[in-house]
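I have placed the structure first, in the form of C-alpha cells, so that the comments after it can refer back to it.
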Amino acid sequence: MGKNKLAHFAELKTFHNVVEAPGHEWYTQAHPVKGNWRTTVFANSNPLVLELGCGKGEYTVGLARKFHGKNFIGVDIKGARMWRGAKTTVEENLSNAAFLRTRIDFITAFFGANEVDEIWLTFSDPQPLEAKARKRLTSPLFMERYKKIMKTGGIVHVKTDSDILYHYTLEQIAAYGYALLVESNDLYHATISKFDADTREILEIRTHYENIFLKQGKTIKYIKFSI
C-alpha cells in the first residue's frame, strides 16, 4: 500500500463525520449508530439521503452543498477514496454530510426501519455478466435491503453510463410495481422542462468519471423511482 493511501487512512480516522466499520461482524449485529444518525451525527430531524458506492464522495459533497435541508451520507468500503470527500466536507464545514466506511451488503446493520428517505446509486458497477445480475445494486437482493431501511415511498436515484444497468433497472421497476418518476436515456440532451426542480438542480453535479465518460461520447442515463 502506497504512502498516500496509508496517510489517507490515518487521517480518515480523525474526521468527526466518518464512521468506520468494515468488518464482517455487521452481518450478525447492529451498529450503535443504527436508528440514531439524526440524533448522534447530524443533531437535526432533516431527511436522510444515502449515496451507496460513493467513491470519492463527489455526489455526497455536491448534494450537501445544494440541499442544506437534507442530511447526506456517502457509503463505500474504500477508505482511501472516501478520504477526499470526507476531507472536503471538513474543510468546507458541511455539517449536513457524513461518511460510512462499510460494505453495502451490511447496510441494514447501520440504518433502522424508516430511517432513510432517499438513496443515490451513482455509476455503480453494472455487473455485465448475467450470472452476476444479483450483485447489481438495483437487483431484488439489494432492493429488499433498501426497503428495510427506507420510508414508504422512499426515492431511489440511478445515474449510469451503462445500458445494461439502465435497462435492467427499468425492468425491475416494471416487474415489482415501483413508481417511475423521472427517466432519461440521455440526461444532458433531454428536454429540461420535463424534469422537476430537484432533477434540474442535480444536472450541475458531475463526478470525475462522469466527465471522462462524457468526453468519450458516452450518454448518461438517469432514473428516479419510488418504492
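Checked against the 6.0 Å centroid criterion, the rings of H24 and F106 qualify as a close aromatic pair.
Taking NZ from K148 and CD from E144, the interatomic distance works out to 7.5 Å, rounded to the nearest 0.5 Å. Rounded to the nearest 0.5 Å, atoms NZ (K78) and NE2 (H8) are 15.5 Å apart. Note that the CG atom of N71 and the CG atom of L48 stand 6.0 Å from one another [nearest 0.5 Å]. Interatomic distance, OG1 of T39 versus CG of N36, reported as 4.5 Å (0.5 Å rounding). Distance check: S124 OG to K135 NZ gives 14.5 Å after rounding to the nearest 0.5 Å. Expressed to the nearest 0.5 Å, how far CG of L94 lies from CG of L63 amounts to 11.0 Å.
Here the side chain of R200 pairs a donor or acceptor atom with the backbone of F195 at under 3.5 angstrom. Remark: side-chain polar atoms of E210 are paired, donor with acceptor, to backbone N or O of T207 under 3.5 angstrom. Panel note: side chain R81, backbone K56; no donor-acceptor pair is recorded below 3.5 Å. Not a single donor-acceptor pair under 3.5 Å links the side chain of D117 to the backbone N or O of V49. K34 places a side-chain N or O within 3.5 Å of a backbone atom of T108 that can act as its donor or acceptor partner. Using a distance-only test at 3.5 Å, with no hydrogens or angles considered, no donor-acceptor pair links the side chain of T160 to the main chain of L165. Judged by distance alone, with hydrogens and angles left aside, the side-chain atoms of N93 form no donor-acceptor pair with the main-chain N or O of T89 at under 3.5 Å.
Around atom CZ of R84, more than 12 heavy atoms belonging to other residues, nucleotides or ligands sit under 6.0 Å away. Enclosure of atom NZ in K66 by more than 12 non-hydrogen atoms of other residues, nucleotides or ligands within 6.0 angstrom is indicated.
Between D196 and K224 there is a salt bridge, since a side-chain N of the basic residue sits under 4.0 Å from a carboxylate O of the acidic one. Ion pair E58/R206 not flagged as a salt bridge, since none of the NZ, NE, NH1 or NH2 atoms sits closer than 4.0 Å to an Asp/Glu carboxylate oxygen. A salt bridge links R65 and E92; the closest N-O separation between the charged side-chain nitrogens and carboxylate oxygens is under 4.0 Å. Using a 4.0 Å cut-off between charged nitrogen and carboxylate oxygen, D163 and K221 count as a salt-bridge pair. R136 and E130 are joined by a salt bridge, as a carboxylate oxygen and a charged side-chain nitrogen come within less than 4.0 angstrom of each other. Residues K13 and E20 are paired through a salt bridge, judged by an N-O separation under 4.0 Å between the basic side chain and the carboxylate.
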- Message: Before you tell me yes or no, could you show the steps for H189 and D186 under side-chain contact (heavy atoms from CB on, under 4.5 Å), namely the whole-Å CA-CA distance, both residues' side-chain angles and the distance that decides it to 0.1 Å?
- Response: CA-CA 6 Å; H189 294 95; D186 192 354; 3.1 Å; yes

- Task: Go through the steps to decide whether F42 and K70 satisfy the test side-chain contact (heavy atoms from CB on, under 4.5 Å), and finish with yes or no.
- Result: CA-CA 10 Å; F42 296 108; K70 296 181 179 182; over 6 Å; no

- Task: Show your working on side-chain contact (heavy atoms from CB on, under 4.5 Å) between H157 and E118 and close with a plain yes or no.
- Result: CA-CA 8 Å; H157 306 261; E118 299 179 47; 2.8 Å; yes

- Steps toward side chain to side chain donor-acceptor pair (under 3.5 Å) verdict (E115, W37): CA-CA 8 Å; E115 190 170 16; W37 285 91; 4.5 Å; no

- Query: When you look at L50 and F110, which way does the side-chain contact (heavy atoms from CB on, under 4.5 Å) test go after all the steps?
  - Reply: CA-CA 12 Å; L50 309 185; F110 296 91; over 6 Å; no

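For L12 against A86, the heavy-atom pair with the smallest separation is CD1-CB, 4.0 Å. The heavy-atom pair separating C54 from T60 by the smallest distance is CB-OG1, 4.2 Å. Between F72 and A64, the shortest heavy-atom distance links the atoms CD1-CA, 3.6 Å. Scanning both residues, A10 and T14, for their nearest heavy atoms gives O-CG2, 3.7 Å. Contact detail for S184 and A190: the closest heavy-atom pair is OG-CB, 3.6 Å. Scanning all heavy atoms of the two residues, the minimum distance from V61 to F99 falls at CG2-CZ, 4.5 Å.
Residues I227 and K147 meet the side-chain proximity criterion, which asks for heavy atoms closer than 4.5 Å. Between I220 and K159 there is a side-chain heavy-atom pair separated by less than 4.5 Å. Side-chain contact check for F123 versus Y209: every heavy-atom pair is 4.5 Å or farther apart. Proximity of T199 to Y222: side-chain heavy atoms (C-beta onward) are separated by under 4.5 Å at one or more points. Side chains of E11 and W83 form a contact here, defined as non-hydrogen atoms less than 4.5 Å apart. Residues L170 and L180 meet the side-chain proximity criterion, which asks for heavy atoms closer than 4.5 Å. Side-chain contact between V156 and Y178: absent, with no pair of heavy atoms (C-beta onward) separated by less than 4.5 Å. In this structure, I155 and I119 have side chains that are not in contact, with every pair of non-hydrogen atoms separated by 4.5 Å or more.
In the hydrophobic clustering of ILVMFWY residues, with side-chain heavy atoms under 4.5 Å counting as a link, W26 and I77 come out apart. One hydrophobic cluster holds both I173 and L137 under the rule that ILVMFWY side chains link at heavy-atom gaps under 4.5 Å. Linking Ile, Leu, Val, Met, Phe, Trp and Tyr whenever their side-chain heavy atoms come within less than 4.5 Å puts I73 and V33 in one cluster. Under the 4.5 Å side-chain contact rule for hydrophobic residues, L141 and I164 do not share a cluster. In the hydrophobic clustering of ILVMFWY residues, with side-chain heavy atoms under 4.5 Å counting as a link, Y188 and I223 come out apart.
When Y59, Y146, F67 are each tested for a ring-ring contact (aromatic ring centres under 6.0 Å, His included) with W120, only one passes: Y59. The only option from V158, N185, T138 that meets the side-chain contact (heavy atoms from CB on, under 4.5 Å) definition with Y166 turns out to be N185.
Residues D161 and T219 bring no donor and acceptor atom of their side chains to less than 3.5 Å of each other. For the residue pair E51/T122, the side-chain donor-acceptor check at 3.5 Å is satisfied. N46 and N96 share no donor-acceptor pair across their side chains, judged by distance under 3.5 Å alone.
A cation-pi arrangement is absent between R145 and F111, since the terminal nitrogen or guanidinium carbon is not both under 6.0 Å from the aromatic centre and inside a 45° cone about the axis.
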